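Numbered from 1 within each chain, the chains take letters A, B, ... in sequence-line order. What you see below is based on every heavy atom in this structure, not just the backbone, and it leaves out hydrogens, waters and symmetry mates. Computed from a predicted structure; not experimentally measured.
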Number of protein chains: 2
Amino acid sequence: MEWSIQEIAKIAGTTSRTLRHYDDIGLLKPSRTGHNGYRYYSQSALVQLQRILLLRQLGLGLPVIAQVLDREQEAAVALNGHLGWLEQEQNRLARQIASVRRTIKAVEGGENLMAEEILDGFDHTHYKDEVEERWGKDAYAKGDAWWRGMGPDEKLAWKQRAQKLGSDWIAAAEAGISPDSATAQELAKRHVEWLKDIPGTPAAANGENGVGIKEYVTGLGDMYVADPRFGANYGGTAGAIFVRDSLRTYAELNL
Amino acid sequence: MEWSIQEIAKIAGTTSRTLRHYDDIGLLKPSRTGHNGYRYYSQSALVQLQRILLLRQLGLGLPVIAQVLDREQEAAVALNGHLGWLEQEQNRLARQIASVRRTIKAVEGGENLMAEEILDGFDHTHYKDEVEERWGKDAYAKGDAWWRGMGPDEKLAWKQRAQKLGSDWIAAAEAGISPDSATAQELAKRHVEWLKDIPGTPAAANGENGVGIKEYVTGLGDMYVADPRFGANYGGTAGAIFVRDSLRTYAELNL
DNA sequence: CCTTGACCTTGACGTAACGTCAACCTTTAC
DNA sequence: GTAAAGGTTGACGTTACGTCAAGGTCAAGG
């Protein structure tokens, strides 16, 4: 028994284009090729195709499928690995759904879709750059979920706390005191405590997950200097440098 | 306040490439362009960017985001629509995970990854072609989950039932009787009952979800004729035609 | 023999949202 | 003056095919 490309496509429940693709990438060659170039497939090719489609439906990629069929990899191993990925995806989706639900509620409740206020108190803790990536990919997501899970009054309180911290820093910097001074170190302590209240950050995890709160804090300090947004929040670049040095000293001594 | 492309990228937690992309597709233009072609972004552009990134993190596509930002669409509406899609995805993932788990069990239990036996009794009920697509996209998935959820003995029983049905059809066709005859109609009835035992099909749903079991059965009859695999199962094309006509008559009278 | 229609071929572009060079120009800093 | 850092515009790669486009092959009918 032998079938043309359209015929097995129908039999197996796929398309001729897919068959040609599998031929191109070497995943499934036709069992015979006519003098005219036509592809013909036998029973054994059909069985292989069924296996391919089964694995594909389970979500495996074509390269992985090729490995499994070539016995370069055990099916159970590949499937187990894939299962982990699927479960991660499910988690991600669940969190995303929760986020969307909260956002819908907020928007329907009249809140403006992320108004300017957020820029003042929140986003500079939300700094998704190389430092954050170094300290965990989902830190941003967690922090974001936390922020949007808060009520308006909570947000206001948080914002004011952040602004008070910022203005205190500015005052200290302009007073010309040293980063080693008790006043500056007291501010640094407040700053770190404040950071600890943001879920998803190494500061909040308190070093439990292996990332260093010390490096995190000093890294943040570097960012404050490197980025003009922080400069604005802490009284210009000079202020940011003061904050950075104060934090660094504090981290060295206390973290 | 005004920032270069790298600067807002850092501030907002994204990359300069992304910003250039958004410029290219018109999603976010820089607020000013230098004589040298450099892109510069203002505070308002930053706010827009934050909104974009928020919506993107919620999983919305860039075109949808553009609509929301242009106020061509309410945010709540877009988010609600998106929520539906997310929930569908979650369902799909859950089923896929279940399927993978069962398959792992089966494979570890020593079962061969979809051996030839399946081709005999099962796969022709599994016909994922234009008819199946007409009757629901997840019919295939449901049927597949059902099949792989069965134990070896159940599979054997099913296979034998299918083969008995096939051989009875062949015998009737070769006897030269009419599709209207009582014998043929009795076989058609058995055939339909058999179809009803396959979850995910219109026959199993019994017309509850709005798709017609009648059209489904006659459509299957047409497939039996159109495809050589069925011919093999029902005693050649002549046999398949007999089956088709018998089913059609039965469907007209009883469904 | 010729036409028509169905089926086959290879080749190439499009998909979503950028990452990643490549080649080249501008600004900044020492 | 020069090197480092950062800017620009292409253009290709990513996944698994869908979808033309242009043209060759085959069976059936007039």
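- Distances shown here put every side-chain N or O of B:Gln6 at or beyond 4.0 Å from the OP1 or OP2 atom of D:dA5.
- Counting heavy atoms from C-beta on, the side chains of A:Arg244 and A:Arg248 come closer than 4.5 Å.
- Picking from D:dG6, C:dC18, D:dC17 the nucleotide with the shortest atom distance to the side chain of A:Leu62 gives D:dC17.
- Within the 4.5 Å cutoff, no side-chain heavy atoms of B:Gln90 are placed close to those of B:Leu86.
- A:Thr18 has a side-chain polar atom (N or O) that falls below the 4.0 Å cut-off from OP1 or OP2 of D:dG18.
- A:Thr18 and A:Thr15 are linked by a side-chain donor-acceptor pair at a separation below 3.5 angstrom, with hydrogens and angles left out of the test.
- Using a 4.0 Å cutoff on non-hydrogen atoms, the parts of residues 32-39 of chain A near DNA chain C are A:Gly37, A:Tyr38, A:Arg39, ordered by number.
- Rounded to whole Å, the distance from CD on B:Glu7 to P on D:dA5 is 16 Å.
- Here the P atom of nucleotide C:dC18 and the CD1 atom of B:Ile5 are 13 Å apart, to the nearest Å.
- In this entry the distance linking CZ of B:Arg17 with P of D:dG6 reads 18 Å, nearest Å.
- Distance from the side chain of A:Ser4 is smallest for C:dC8 among the nucleotides C:dA17, D:dG18, C:dC8.
- At a threshold of 4.0 angstrom between heavy atoms, the contacts of B:Pro63 are confined to the sugar-phosphate backbone, with no base atom among them.
- Contact check for B:Ile5 versus B:Tyr40: no side-chain heavy atoms found under the 4.5 Å cut-off.
- Within 4.0 Å of B:Ser16, counting heavy atoms only, lies no atom of the nucleic acid at all.
- On a pure distance criterion of 3.5 Å, no polar donor-acceptor pair joins the side chain of B:Arg20 and the base of D:dT9.
- Between the P atom of D:dG7 and the CG atom of B:Leu19 lies a distance of 10 Å, rounded to the nearest Å.
- Using N1 to N3 plus N6-O4 or O6-N4 for Watson-Crick, or N1-O2 and O6-N3 for G-U wobble, each under 3.5 Å, C:dT28 pairs with D:dA3.
- Ion pairing of B:Glu89 with A:Arg92 is absent here, as no side-chain N (NZ or NE/NH1/NH2) approaches a carboxylate O to less than 4.0 Å.
- The CD1-C1' distance, from A:Ile8 to C:dC7, rounds to 14 Å in whole Å.
- Rounded to an integer number of Å, the gap from B:His21 NE2 to C:dA16 P is 10 Å.
- Counting any heavy atom pair closer than 4.0 Å across all strands shown, B:Ile25 reaches no nucleic acid atom.
- Two residues are said to be in side-chain contact when any heavy atoms from C-beta on lie closer than 4.5 Å; B:Arg102 and B:Lys105 fail this criterion.
- Among the nucleotides D:dG18, D:dG6, D:dC17, the one closest to any side-chain atom of A:Arg56 is D:dC17.
- Checked against side-chain hydrogen bond (donor to acceptor under 3.5 Å, both in side chains), A:Glu252 has no partners two or more places apart in sequence or in another chain.
- Contact of the B:Leu79 side chain with the B:Leu60 side chain is registered, since non-hydrogen atoms from C-beta on lie closer than 4.5 Å.
- B:Leu55 places its CG atom 18 Å from the P atom of C:dA16, with the value rounded to the nearest Å.
- Among the heavy atoms of the strands lying under 4.0 Å from B:Tyr22 are primed sugar atoms or P, OP1, OP2 only; no base atom is included.
- We find that CG of B:Asp24 is positioned 14 Å from P of C:dA17, with the value rounded to whole Å.
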